[in-house]
Chemist: 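Sharing a structure with you now.
First listed ligand is number 1; within each ligand, the first listed atom is number 1.
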Amino acid sequence: MAETGSVRNFHPSDIPHIMDICLKTAADGEDGSAMYVDPWFIGQLYALPYVIRHPELCFVATIDEVPVGYILGTADTEGFYRWMEEEFLPTVRLRYPVDRSPVSAHEAFFLPRLHADKRLVRVDPLFPAHLHINLLAHAQGRGMGSRLMTTFLQGLRDFGAPGAYLHVGPANTPAVSFYRKMGFAVLEETEEVIKFGRSLRNIP
Ligand SMILES: CC(C)(COP(=O)(O)OP(=O)(O)OC[C@H]1O[C@@H](n2cnc3c(N)ncnc32)[C@H](O)[C@@H]1OP(=O)(O)O)[C@@H](O)C(=O)NCCC(=O)NCCS
C-alpha cells in the first residue's frame, strides 16, 4: 500500500513514539541516539512535559497510521515553566541528580538546565508562546512540517497568544529555511542559537 501522510490530534498512545522521535532528531535535527546514555533523558525535557500539560496543543504526523513526527508547545511559556518547576520537574530531578553517573557529554550539558529554576526565565510579552517540531528523516520534505505548523499556529491563535518563539541551532540549515518559509523572523542570534519569532495576528 502506498504511504499516506496525515496530521491529526495527539492521542495518549503516541507518547512512546514522541519520545523516540525526540531522541532521533536531537542532534540538530539528526539522530541523537548515540549522544545519550539514557534514551529517555532528552524527551523528559523537550517533549513529555508539553504533551502532559497541553495535549490539545500537540499534533502528530503519521504515515500509514504510525507516528513519524509531532509539533507541541505552550501558549503561555511563563505559566508552563511554573508548572514544570512545581509539578513536573521535582520527580524527574530525583531520577536525574546533578551528580548522575555515567552521563554523556550532552547529558552533562543538559543536567544543569534540568536543575535550573525555570521560573526565572523571562519571556517577551509579544511572544508568550513557544514550540518544538520534529519529523523523522523519512517523513521530512513532503509537506508534513508545514501542515503541522499551520495546524499548531491556528490552535495557538485560539488561545489568544499574540506571538510564538522557538530556538534552533544555526547548523540546522533545513530547519532555519523552514521557519523562514513559515513566517518566522530572527529575534536574536548568537553562534550557538537563533531565536525566531512570529506574530499570530495574521493567522487565517
Ligand atoms: C524542519 C522540519 C520540521 C521541516 O518539516 P518538513 O516536513 O521537512 O518541511 P516541508 O516539507 O513542510 O517544507 C516546507 C518548507 O520548508 C523549507 N524546507 C524544508 N526542508 C528543507 C531543506 N531540507 N532545505 C531547505 N529548505 C527546506 C522549504 O522552504 C519548504 O518549502 P518548499 O517545499 O516549497 O521548498 C523537518 O524537516 C524536521 O523535523 N527536521 C528534523 C528535526 C528538526 O530539525 N526540527 C527542528 C528543531 S529546532
Chemist: Could you list which atoms of ligand 1 come closer than 4.0 Å to a heavy atom of G143?
Modeler: 10 (P), 11 (O), 12 (O)
Chemist: Determine the minimum heavy-atom distance between S104 and V37, stating which atoms define it.
Modeler: N-CG2, 3.7 Å
Chemist: Could you tell me whether the side chain of W83 reaches within less than 4.5 Å of the side chain of H54, counting heavy atoms only?
Modeler: no
Chemist: Can you pull out the closest protein heavy atom to atom 36 (C) of ligand 1? Residue, atom name and distance to 0.1 Å, please.
Modeler: Q140 CG, 3.8 Å
Chemist: Quick one, T150 and M182 - any side-chain contact, counting heavy atoms below 4.5 Å?
Modeler: yes
Chemist: Heavy-atom contacts under 4.0 Å between M182 and ligand 1: side chain, backbone, both, or neither?
Modeler: neither
Chemist: Write out the residue and atom name of the closest protein heavy atom to atom 9 (O) of ligand 1, then the distance separating them to 0.1 Å.
Modeler: F178 CD1, 3.8 Å
Chemist: Please check: side-chain N/O of E107 versus main-chain N/O of Y36, any donor-acceptor pairing under 3.5 Å?
Modeler: no
Chemist: Hey, which atoms in ligand 1 end up nearer than 4.0 Å to a heavy atom of M144?
Modeler: 7 (O)
Chemist: Look up atom 42 (C) of ligand 1 and tell me if a protein heavy atom lies less than 4.0 Å from it?
Modeler: yes
Chemist: Any idea which part of K181 is under 4.0 Å from ligand 1, heavy-atom wise: side chain, backbone, both or neither?
Modeler: side chain
Chemist: Below 4.0 angstrom, counting only protein heavy atoms, does anything approach atom 16 (O) of ligand 1?
Modeler: yes
Chemist: Give the atoms of ligand 1, by number and element, whose distance to some non-hydrogen atom of S177 is under 4.0 Å.
Modeler: 25 (C), 26 (N)
Chemist: What atoms in ligand 1 come closer than 4.0 Å to a heavy atom of V168?
Modeler: 48 (S)
Chemist: For H167, counting its heavy atoms only, list the atoms of ligand 1 lying under 4.0 Å from any of them.
Modeler: 48 (S)
Chemist: Using every non-hydrogen atom in the two residues, find where L148 and L135 come nearest and quote the distance to one decimal.
Modeler: CD1-CD2, 4.1 Å
Chemist: Under a 4.0 Å threshold between the charged nitrogen and the carboxylate oxygen, would K195 count as salt-bridged to D124?
Modeler: no
Chemist: Between Y179 and ligand 1, which part of the residue brings a heavy atom under 4.0 Å of the ligand: side chain, backbone, both or neither?
Modeler: side chain
Chemist: Is a donor on one side and an acceptor on the other found under 3.5 Å between the side chain of T77 and the backbone of P128?
Modeler: yes
Chemist: So which bit of N172 gets within less than 4.0 Å of ligand 1, heavy atoms only: side chain, backbone, both or neither?
Modeler: side chain
Chemist: Parallel under 30°, tilted from 30 to 60°, perpendicular over 60°: which one fits the rings of F41 and Y96?
Modeler: perpendicular
Chemist: Considering S146, G145, G141, which one's heavy-atom position lies nearest to atom 8 (O) of ligand 1?
Modeler: G141
Chemist: Parallel, tilted or perpendicular for H130 and Y50, by the 30°/60° rule?
Modeler: perpendicular
